[in-house]
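Input: a single structure, listed below in structure tokens.
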Amino acid sequence: MAMLVYSQITFQDLRDRFGVMVENEAFLPVTTPLTLPDWLRHYLTINQLSPAMAKSEKAVSEMLIAPVLSAVKENNADKIALFSGESLTMPGELSGICDFIIAANPKAFLPEPPIMVLVEAKRQDLYSGIPQCVGEMLAARSVNERAGIPYDAVYGCVTTGNEWLFMQLRGNRAVTDPTILYYPQLDRVLGVFQWIISQFD
């Protein structure tokens, strides 16, 4: 069977080929919002940034998602590495380029387990990014297992820049937390990322 590229994966592929069911179920605990760093607040203010104003997906990625993830990195400088446009493979099954990866070992040149993936949803359609995110989470789990460091759960995020949806893959179930966070709630977005990174230990 031919390898699939992440962007080609459908809900049916997940069910029929990988035996993964995608369901909506709360898994996030109550997390503590984190104050946005001064530089990020200033950046958002001077750019008058709103995802609705972004003219392209590239602009959303560079002007909103990457700065938010940089704040996540700043809060965890000694714990994580942040990658953009890095390839991730599940041998014989899945391959492709990930929009963003958060991984352990801040000194590594390649993503090292545990790995969290983040997908920028295309055409501002949050739910269209879910199958791709699950596919990348399957590949992340494969990397963890090949390194001999299995984790009970793998985490992912789908975002339009305006909406942030967090996911968990455990066994053959991928769940989307029903709590969707929005652009004005970036302090809560940072809090969720912080909780997920705490699961890396």
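We count residues from 1, following the sequence as given.
A chain of hydrophobic side-chain contacts below 4.5 Å, direct or via other Ile, Leu, Val, Met, Phe, Trp or Tyr residues, connects L40 to I65. In this structure, L4 is a member of the same hydrophobic cluster as F11, with clusters built from ILVMFWY side-chain heavy atoms closer than 4.5 Å. Linking ILVMFWY residues whenever their side-chain heavy atoms come closer than 4.5 Å, directly or via other members, places L165 and Y182 in the same cluster. A continuous path of Ile, Leu, Val, Met, Phe, Trp and Tyr side chains, each step under 4.5 Å between heavy atoms, connects L28 with I197, placing both in one hydrophobic cluster. Note on L126 and V175: separate hydrophobic clusters, where clusters join Ile, Leu, Val, Met, Phe, Trp and Tyr whose side-chain heavy atoms are under 4.5 Å apart, directly or indirectly.
Taking 4.5 Å as the limit, every side-chain heavy atom of P114 sits out of range of all side-chain heavy atoms of Y155. Side-chain contact between Y183 and L44 is present, with heavy atoms from C-beta onward closer than 4.5 Å. Between F83 and C98, every side-chain heavy-atom pair lies at or beyond the 4.5 Å cut-off. Within the 4.5 Å cutoff, the side chain of V117 has heavy atoms near those of the C133 side chain. In this structure the side chain of E93 reaches within 4.5 angstrom of the side chain of F18, judged on heavy atoms. The side-chain heavy atoms of L138 and L169, taken from C-beta on, include a pair separated by under 4.5 Å. Side-chain contact between L118 and I101 is absent, with no heavy atoms from C-beta onward closer than 4.5 Å. Contact check for M167 versus V158: side-chain heavy atoms found under the 4.5 Å cut-off.
Between atom CE of residue M137 and atom CG of residue L14 there is a gap of 10.5 Å, rounded to the nearest 0.5 Å. A distance of 9.5 Å separates CD in E86 from CD1 in I115, rounded to the nearest 0.5 Å. Note that CD1 of I130 is 13.0 Å distant from CD1 of I9, once rounded to the nearest 0.5 Å. Atom CZ in R17 sits 10.5 Å away from atom OG1 in T10 (nearest 0.5 Å). Here the straight-line distance linking atom CD of E25 with atom CD of Q168 works out to 8.5 Å at 0.5 Å rounding. Here the CG-OG distance, from N75 to S70, works out to 11.0 Å after rounding to the nearest 0.5 Å.
R188 contributes no side-chain N or O that, together with a main-chain N or O of P33, makes up a donor-acceptor pair within less than 3.5 Å. At least one donor-acceptor pair under 3.5 Å links the side chain of K73 to the backbone N or O of I80. Looking only at distances, no side-chain donor or acceptor of N144 sits under 3.5 Å from a matching main-chain atom of P113. Without hydrogens or angle criteria, E163 side chain to T160 main chain gives no donor-acceptor distance under 3.5 Å. Here the side chain of K79 pairs no donor or acceptor atom with the backbone of A77 at under 3.5 angstrom. Counting only distance, with no hydrogens or angles, the side chain of T89 and the backbone of P91 share no donor-acceptor pair below 3.5 Å.
No side-chain donor from either of Q8 and D13 sits under 3.5 Å from a side-chain acceptor of the other. In this model, no donor atom of one side chain and acceptor atom of the other lie less than 3.5 Å apart for R41 and T45. A donor and an acceptor atom, one from each side chain of Y6 and E136, are nowhere located under 3.5 Å apart.
Of all the heavy atoms in A140 and V154, the pair that sits closest is CB-CG1, 4.0 Å. What you find for M90 and M3 is that their closest heavy atoms are O-CE, 4.0 Å. Pairing each heavy atom of R141 with each of R170, the nearest pair is NH1-C, 4.3 Å. Contact between A71 and P37 at its shortest, heavy atoms only, is CB-CG, 3.9 Å. Counting all heavy atoms, side chain and backbone alike, Q132 lies closest to S7 at OE1-CA, 4.0 Å. Between F200 and M116, the shortest heavy-atom contact is CZ-CB, 4.2 Å.
A side chain to side chain donor-acceptor pair (under 3.5 Å) with Q194 holds for exactly one of N76, T31, T32; it is N76.
Residue pairs that meet the ring-ring contact (aromatic ring centres under 6.0 Å, His included) test with at least one member in residues 156-181, sequence neighbours left out, are F166-F193.
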Please lay out, stage by stage, how I102 and L82 fare under the test side chain to side chain contact (heavy atoms under 4.5 Å, CB included). CA-CA 5 Å; I102 295 173; L82 180 62; 4.0 Å; yes

Give the intermediate values and the outcome of side chain to side chain contact (heavy atoms under 4.5 Å, CB included) for residues D187 and L34. CA-CA 5 Å; D187 57 341; L34 298 183; 5.7 Å; no

Could you walk me through whether L186 and L190 pass side chain to side chain contact (heavy atoms under 4.5 Å, CB included), step by step? CA-CA 6 Å; L186 290 179; L190 293 183; 5.5 Å; no

F100 vs E120, side chain to side chain contact (heavy atoms under 4.5 Å, CB included): CA-CA, chis, key distance, verdict: CA-CA 8 Å; F100 294 97; E120 179 190 353; 5.5 Å; no

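The environment of D152 atom CG is sparse: at most 12 non-hydrogen atoms of other residues, nucleotides or ligands sit within 6.0 angstrom.
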